[in-house]
Amino acid sequence: MKRWRIPLTFCLIFLGFTAPVTVAEAAPASDPASLVNPLLGTSNEGNTFPGADAPFGMVQWSPDTPSRPPGGFYAYSDNVVTGFSLNHLSGPGCGALGDIPILPTTGAIDGNATVGFSHANESADAGAYSVALDNGVKTELTATLRSGMARFTFPATTQANLLFKMGSGKGSNIRFDRVSSTEVSGSLTNGFFCASSPTYTVHFNMVFDRPMTSNGTFNGGNSVTFDTTGNRVVHAKVGLSYVSVSGAKGNRTDENSGWNFDATRDATHTSWNALLGKVAVAGGTTAQQEVFYTALYHSLLHPNLLSDSDGKYWGFDKKVHTVSGNQKAQYGTYSGWDIYRTQAQLHALVAPQQASDSAQSLVNDYAQGGFLPKWSLNSAETQVMNGDPGPAVIADYHAFGARAFDTAAAKNAMVSQGTTSNPIRMGLDLQTKHGYLPSDGTYPRDFYGSVATLLEYSAQDFATAAFAGALGDTTTRDQFANRAQDWRNVFNPASGFMQPKLADGAWRPGFSPTSSDQFVEGTSWQYTGAVPHNVRGLADAMGGNAKMAAYLDNVLSDIRGGRRLARRHAQRTVHRTALGVHLHRAALEDPADRPPGAERTVEQLASQLGGGQ
């Protein structure tokens, strides 16, 4: 197993932390999973979840609280649990998943029940979660890749209940079946991420280690009751599937055939160590190492498994498919706009098999749906955010060593997506006509941010060029490398900024570099430097190295732009973001590398960034 030894001080700078290293430094962790604290990120709009999950797993069994922050559905400021649902998203900006919430209660059935708890009685670890609820029920959760396991320790009572609150959210087509005295199953349909239209259907199958004494219904769900006067512990195992109930049952039986909760939890802990241990940090305090490994843990939760243990999965064409060839599993839920710059590369380094399978998953999505997804939730495109990040994600995986996928099919998909009208590259026709995306152009409903989107297209064209070059296709490489320079058409040398441009070639009136007009979650101050594939060319367009360096110092000292802070403060900020600045400055330091002509080949552009295919 390859391990990278990195000083913690560098890691913290890279992550944006500036905490000083103390004299009493911690040794490299032999059990990095024990340093993970999933409760980090559950406040201040972190939108993460603290519950049990295996690496890239299908199941995220986690508590939900009344505030229901998007995706994670758990706020540390809350002290009430509404249920423990089986799937979650980590860190999104819109709510999704949170399906099949299950709440342990005692006494009479109350479909509106919630239960209080104290953080003093709560613990979370990589792959495990535990809380002693105020109603006397201790709930312990763990997970395998496609199943979950719970150990409920009730008070001694004849009315120990599990409430399946499946009707408490946005779910529809709800089904709950009592299969036997020890087994229940069901399904529901959900979706609508960020108000988008796609939906999915999730199925579950759950078994208990003892027979229930009764079951019933209430407004919004179903109940299962046990007698715990003689034995207070109820174990439950649940399989999840996006294909069928039988698939959920197969996932449960294939991955967790026994009833040993501790062994299941320990096995998942070990699986986390196998991934987290790929990166060893030295130095810093234990608390700082916890911050680092928790961040690494969060980065390895998604994309998540879609295929069942038998290889079947629900495809983009709304049909059932089976993984084949070298692919071990199908993955989904790609927040492409958010991950292509950094997270995809990390996955390729730390988890090359999963990253290769993820690349093949995107290729499969193209074959089944006709496009590489932009922001997919499970097996459907939501059209959230802008750009065309799919090609960049695949190229990133390949460039960083994850190459066990059909690269020829991947290249064909990337080229087709970049040359043929499709629902992801909504501005393709206008870009072909004008060389940029006019701010007054007519676009489909989900298009926005003409300048930001052109910059995205330029970076993603370069990704296609680099990928094609790595495969020996120099014709495609040069074609896309040239179009990757279309950013020049929205750069105004007079202002030194990227600006909106009209279809007649005039600059859009009323431009301000601090405005978000025609940008996406940012301003021209923040987007003007977004030409990572040709920093040399951007510096030249600005008027030289000094102007580029001044821009960097200014935007990094005040990320919103518009005011110049003291040089000393700017330099401190530069050091905090050392990696990005060093990459940009390195690209400026060798003017002798400039080739004749306006355009540069992929190799020359890549070499200026300190690497290449």
Side-chain angles (χ1 to χ4, degrees), residues 41 47-49 51 53-62 69-73 85-100 143 145-146 148 170 189-203 240-243 251 297-308 313-316 318 321 323 327-340 342-344 346-348 351 354-366 368-369 371-385 387 389-390 392-394 396-397 424:
N47 297 350
T48 61
F49 60 86
D53 195 356
F56 306 106
M58 183 184 292
V59 171
Q60 304 87 26
W61 204 349
S62 186
F73 293 154
S85 52
L86 295 178
N87 53 9
H88 293 79
L89 287 183
S90 180
C94 297
L97 305 181
D99 298 318
I100 315 167
L145 287 172
R146 300 173 179 87
K170 298 183 297 181
T189 299
N190 205 342
F192 311 108
F193 180 67
C194 285
S196 62
S197 58
T199 61
Y200 60 86
T201 298
V202 60
H203 311 266
L240 207 63
S241 171
Y242 293 98
V243 176
N251 290 339
Y297 162 86
H298 280 140
S299 74
L300 301 172
L301 295 173
H302 302 296
N304 47 266
L305 273 169
L306 286 184
S307 57
D308 292 339
Y313 66 95
W314 189 252
F316 262 57
K318 303 185 186 307
H321 298 265
V323 297
Q327 187 180 16
K328 300 291 192 300
Q330 178 78 6
Y331 290 85
T333 307
Y334 290 87
S335 180
W337 186 82
D338 300 282
I339 71 169
Y340 83 83
T342 54
Q343 190 175 359
L346 177 64
H347 287 174
Q354 291 92 332
S356 292
D357 283 349
S358 292
Q360 186 63 51
S361 298
L362 293 170
V363 173
N364 294 343
D365 295 341
Y366 178 87
Q368 297 154 15
F371 56 84
L372 296 169
K374 177 171 53 178
W375 212 126
S376 65
L377 179 64
N378 291 335
S379 293
E381 174 58 37
T382 66
Q383 290 292 5
V384 173
M385 302 313 299
V393 172
I394 294 173
D396 288 338
Y397 286 151
I424 300 299

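Quick note: numbers below take in every heavy atom, side chains included, and nothing from hydrogens, waters or symmetry partners. Note that this is a predicted model, so its numbers are computed, not measured.
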For the side chain of [X] and the backbone of [Y], is there at least one donor-acceptor N/O pair under 3.5 Å apart?
X    : Y    : answer
N87  : G98  : yes
S62  : F49  : no
E381 : K374 : yes
T382 : W375 : yes
H347 : S299 : yes
S376 : Y334 : yes

Minimum side-chain heavy-atom gap [X]-[Y] below 4.5 Å:
X    : Y    : value
S90  : T48  : yes
L97  : N378 : yes
H302 : I339 : no
P373 : L362 : yes
Y200 : L306 : no
Q383 : S196 : no

Residue pair [X] / [Y], side-chain donor-acceptor N/O under 3.5 Å:
X    : Y    : answer
N364 : Q327 : yes
S241 : D308 : yes
T201 : T189 : yes

> Which residues satisfy the side-chain hydrogen bond (donor to acceptor under 3.5 Å, both in side chains) test with Y297, sequence neighbours excluded?
Replying inline: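 With neighbours one apart ignored, the set is empty.
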
>> Would M58 and N251 count as a side-chain contact (heavy atoms from CB on, under 4.5 Å) here? Give the steps.
In response: CA-CA 10 Å; M58 183 184 292; N251 290 339; 4.3 Å; yes

> Between Y242 and S379, does a side-chain contact (heavy atoms from CB on, under 4.5 Å) hold up when you go through it step by step?
Replying inline: CA-CA 9 Å; Y242 293 98; S379 293; over 6 Å; no

